[in-house]
Visitor: 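The structure follows.
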Amino acid sequence: MTSSMSDSAPLVFRLHAGTPSVVRKVLLEQGWEEYDEEMHKEDDWNLYWRVSAFHNSDYQNLKPWQRLNHHPKVVGITRKDSLARNLRRMKGAFGSALYNFSPVAFILPNDYTRFLEAYTVHHLANGGRATYWICKPVDLSRGRGIFVFRDIKDLVYDSPVVVQKYISNPLLISGYKFDLRIYVCVKSFCPLIIYIHQEGLVRFATEKFSLTSLDNVFAHLTNTSINKFGPRYSTDKEHVGQGCKWTLNKFRCFLRSQNSNELLLWQQINNIVTLTLLAATPSAPFSPNCVELLGFDVLIDENFKPWLLEVNYSPALSLDCPADNTVKKALIHDLIDLMNYSQMDGLRQRGYLTKRFINLCYSQALQTKTSPVYLIPKHTPGFTRQKRSHSQPRSSFEKNEDKLVQSDVSVPPCRVGDFILTFPFNDATLKASQENLDVKIAFQELHRLNNHLAAFCNLKDERRKECA
């Protein structure tokens with residue numbers, strides 16, 4: 001290269017209609033500029049963000065300096081019926097003991113006969129007492145169309161639905177039901193690289209839980225889009241406070257006050273995330289220039305067992321309350337850092353990049369044996385620096401970098417901001433995740449990790465009892 005690297009252009013972002021304003025705000029804070037058709041060339045952008053899915057052509061036309069905020073074909077776990085179908089497949093292939101974190105589910109109308117059999121069995125097993133079920137439309141979000149029922153005569157639907165056994169013994173805080181919104185970033189499906197953000201949201205129902213009023217959505221559903229219209233949303237509820245959200249950090253304080261096994265709980269949640277994404281990996285095409293932010297909704301029952309409720313595609317990033325402001329802006333800052341742009345991305349206008357590097361879209365990659373350009377480069381100062389304040393713009397790019405750096409995917413950074421690497425988590429899973437994913441080894445290592453953790457927690461409990 002003959003030109004100086006100091007004249008690279010600022011990074012450029014494109015936002016599709018409907019993109020939450022916090023995304024634009026964060027990118028501008030980090031020194032990016034927004035794409036303008038009159039100012040920029042057609043391919044003169046680095047990040048294209050949209051809430052809905054991209055078209056195949058968007059993936060096929062990607063340039064090496066461009067990123068998209070969605071992987072292709074993630075619908076296998078983000079649509080309710082597809083998630084139920086994939087988890088059922090994994091249970092059949094690898095055993096129900098491993099995939100025991102999802103309530104039994106039936107996809108209606110196709111599974112109606114199977115549901116009727118299960119309904120009858122549960123009814124007889126309970127001595128005729130009621131068993132509770134929940135019905136969810138497969139293609140609606142924000143709690144729309146969901147209802148809880150006991151008697152099969154109350155099961156009425158006019159579109160495909162998923163019916164699940166309702167978790168009727170949720171852990172309550174001062175009588176209020178809640179679930180956790182866990183933010184997960186999939187850097188890559190091939191190899192599988194998963195990060196979980198350490199901050200997230202706790203979403204409360206705004207009326208006290210009761211099985212005597214199944215039609216009260218403010219007592220049984222935790223969706224903010226529903227509860228913000230509840231009559232008690234703005235009232236100061238015991239321990240919960242006003243509104244309907246906490247941060248995960250506040251929830252951790254609650255767990256410590258309950259003397260619960262916090263370490264084991266979080267590992268179980270990590271397992272849920274990993275095992276769910278392992279179900280999606282076989283159908284996910286190779287797409288190295290993509291990243292995915294998912295929202296995992298997890299319910300904890302009174303025995304401190306976590307249950308997966310659903311996986312959200314493009315989780316809501318609106319800032320509706322103080323907890324949102326605390327969590328979501330920092331989340332997007334960390335996600336942009338995790339994409340790890342380099343100064344070379346600022347040279348997108350230089351023609352030599354287009355000529356020198358092939359298009360690495362997922363469809364072409366399936367036809368070629370060329371090594372991909374991943375998003376995690378070797379020796380990146382950004383992954384070892386101290387956590388920066390998100391109120392400050394991102395520092396300037398490292399100078400004197402004179403070539404496009406190909407990543408060493410064997411060493412993904414353990415932490416970027418509050419994103420923690422949860423898979424791969426050791427040498428065996430690292431090896432298993434590359435090329436063709438070896439799911440059996442991944443399961444074996446998860447089982448071994450869980451056994452070690454359980455032994456550690458038991459020893460810790462014994463020592464605590466001795467000191468008491």
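Everything numeric in this text was worked out from a predicted model, so none of it was measured.
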Visitor: Looking at Trp49 versus Phe54, is the centre-to-centre ring distance below 6.0 Å?
Guide: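 Between Trp49 and Phe54, the centre distance exceeds or equals 6.0 Å.
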
Visitor: I need the single residue from Phe115, Trp133, Tyr132 that forms a ring pair (Phe, Tyr, Trp, His ring centres under 6.0 Å) with His122. Which is it?
Guide: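 The residue from Phe115, Trp133, Tyr132 that satisfies ring pair (Phe, Tyr, Trp, His ring centres under 6.0 Å) with His122 turns out to be Trp133.
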
Visitor: For a quick test of reading the model, state the closest non-hydrogen atom pair linking Lys208 to Ser174 and the distance between them.
Guide: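 Smallest interatomic distance, heavy atoms only, reads CE-O, 3.3 Å.
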
Visitor: Could you check whether Tyr176 and Phe178 have their ring centres less than 6.0 Å apart?
Guide: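 Not close enough - the centres of the two rings lie 6.0 Å or further apart.
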
Visitor: Ring centroids only, cut at 6.0 angstrom: are Trp246 and Phe204 within range, meaning strictly under it?
Guide: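 When the ring centroids of Trp246 and Phe204 are compared, they turn out to be within the sub-6.0 Å range.
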
Visitor: Check for me whether the distance between the ring centres of Phe443 and Phe94 falls short of 6.0 Å.
Guide: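 Yes, they do, as the ring centres are separated by less than 6.0 Å.
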
Visitor: Quickly, which of Leu248, Asn271, Leu453, Asn261 forms a side-chain contact (heavy atoms from CB on, under 4.5 Å) with Trp266? Name it, please.
Guide: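 It is Leu248, the one option of Leu248, Asn271, Leu453, Asn261 that forms the side-chain contact (heavy atoms from CB on, under 4.5 Å) with Trp266.
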
Visitor: When you compare the side chain of His239 with that of Phe254, does any pair of heavy atoms fall below 4.5 Å?
Guide: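 Counting from C-beta outward, Phe254 and His239 never come under 4.5 Å.
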
Visitor: I'd like to know if Lys328 and Asp324 make a salt bridge, using a cut-off of under 4.0 Å between side-chain N and carboxylate O.
Guide: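 Yes.
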
Visitor: Does a salt bridge link Lys329 with Glu29, judged by any charged N lying under 4.0 Å from a carboxylate O?
Guide: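 Counted as a salt bridge, because a side-chain N and a carboxylate O are separated by less than 4.0 Å.
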
Visitor: For the ring pair His70 and Tyr313, is the centre-to-centre distance below 6.0 Å?
Guide: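 Ring centres of Tyr313 and His70 closer than 6.0 Å.
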
Visitor: Under 6.0 Å from the six-membered ring centre of Phe106 and within 45° of its axis: does the NZ or CZ of Arg114 meet both?
Guide: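 No, cation not above the ring by the 6.0 Å, 45° rule.
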
Visitor: Please work out whether the ring planes of His123 and Tyr119 are parallel, tilted or perpendicular, with thresholds of 30° and 60°.
Guide: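 Correct class here is parallel.
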
Visitor: Using 4.0 Å as the upper bound for N to carboxylate O, is an ion pair formed by Arg85 and Asp111?
Guide: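 No.
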
Visitor: Is any side-chain heavy atom of Tyr341 closer than 4.5 Å to one of Asn46?
Guide: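 With C-beta onward as the side chain, the pair touches.
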
Visitor: Any donor-acceptor pair under 3.5 Å linking the side chain of Asn450 with the backbone of Leu446?
Guide: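 Indeed, once roles are kept as given, a pair shorter than 3.5 Å links the two residues.
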
